[in-house]
*Asks:* 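My questions will all concern the structure given below.
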Amino acid sequence: MSKESWVKQVLEQGTSWGAAILLIAVGILEVLQSISVIFADEMIVTDIEYTYQFDLIVWGWTHLVLGVIGIVTGIALFADATWARPGVVVICGVSIFVNFLWLPHYPAWALTIIALNTVVIWAVATWRTDAI
């Protein structure tokens, strides 16, 4: 293997691997968030009435499902599945929306996950193997 082809292969895989690692990290954060909400929902602030208020257990299960789907999609991105790149954009977009609605309950955690999802979408959307 020549040096140029090795560098090209590393650069092609580096972006997708970075996005996959971040997506798996976001999925793990979502799962941890859901566990804390499902099993200890009295720790979450719910005093103020919001327009989009749901039961905290519903929020917990929503985050759990998003986290598991995010982890599976991140693993598929590692495996270079054809559906993984569009799947990453969709699951991260849904996660951004859900965490935006979650902002009143746990703002720091929600903003962290929104920021990580944005980076993952950027990494997948700007990944161009033909330009390397």
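Here the structure is a predicted model, which is why all the values come from computation and not from measurement. All residue numbers in this chain count up from 1 along the given sequence.
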*Asks:* Pick one: which of Ile121, Asn117, Leu22, Thr73 meets side-chain contact (heavy atoms from CB on, under 4.5 Å) with Val88?
*Replies:* Thr73
*Asks:* Would you indicate whether the side-chain heavy atoms of Leu77 and Trp17 approach each other to under 4.5 Å?
*Replies:* no
*Asks:* From Tyr106 OH over to His63 NE2, what is the distance, rounded to the nearest 0.5 angstrom?
*Replies:* 11.5 Å
*Asks:* Quick check: closest heavy atoms across Leu23 and Cys92, and the distance to 0.1 Å?
*Replies:* CD1-SG, 3.6 Å
*Asks:* So, for Gly67 and Glu30, which heavy atoms are closest and what is the spacing to 0.1 Å?
*Replies:* CA-CB, 3.5 Å
*Asks:* Please round to the nearest 0.5 Å and tell me the distance separating atom CD1 of Ile96 and atom OG1 of Thr118.
*Replies:* 4.0 Å
*Asks:* Can you confirm whether Trp83 is buried at CH2, in the sense that more than 12 heavy atoms of other residues, nucleotides or ligands lie under 6.0 Å from that atom?
*Replies:* yes
*Asks:* Which heavy atom of Ala19 sits nearest a heavy atom of Val124, and at what distance?
*Replies:* CB-CG2, 3.7 Å
*Asks:* What distance do Leu103 atom CG and Leu111 atom CG have between them, rounded to the nearest 0.5 Å?
*Replies:* 5.0 Å
*Asks:* When rounded to the nearest 0.5 angstrom, what distance separates CD1 in Ile114 from CZ in Phe97?
*Replies:* 11.0 Å
*Asks:* Give a yes or no on whether Phe100 and Trp122 share a hydrophobic cluster (residues Ile, Leu, Val, Met, Phe, Trp, Tyr; joining criterion: side-chain heavy atoms under 4.5 Å apart).
*Replies:* no
*Asks:* Can you confirm whether Ile113 sits close enough to Trp102 that some side-chain heavy atom of one is under 4.5 Å from a side-chain heavy atom of the other?
*Replies:* no
*Asks:* Kindly indicate whether the side chain of Leu101, heavy atoms from C-beta on, has any atom under 4.5 Å from the side chain of Trp59.
*Replies:* yes
*Asks:* Report the distance from atom CG of Asn99 to atom CG of Leu29, rounding to the nearest 0.5 Å.
*Replies:* 10.0 Å
*Asks:* So, applying side-chain contact (heavy atoms from CB on, under 4.5 Å) with Ser34, which one of Val68, Leu64, Val65 is it?
*Replies:* Leu64
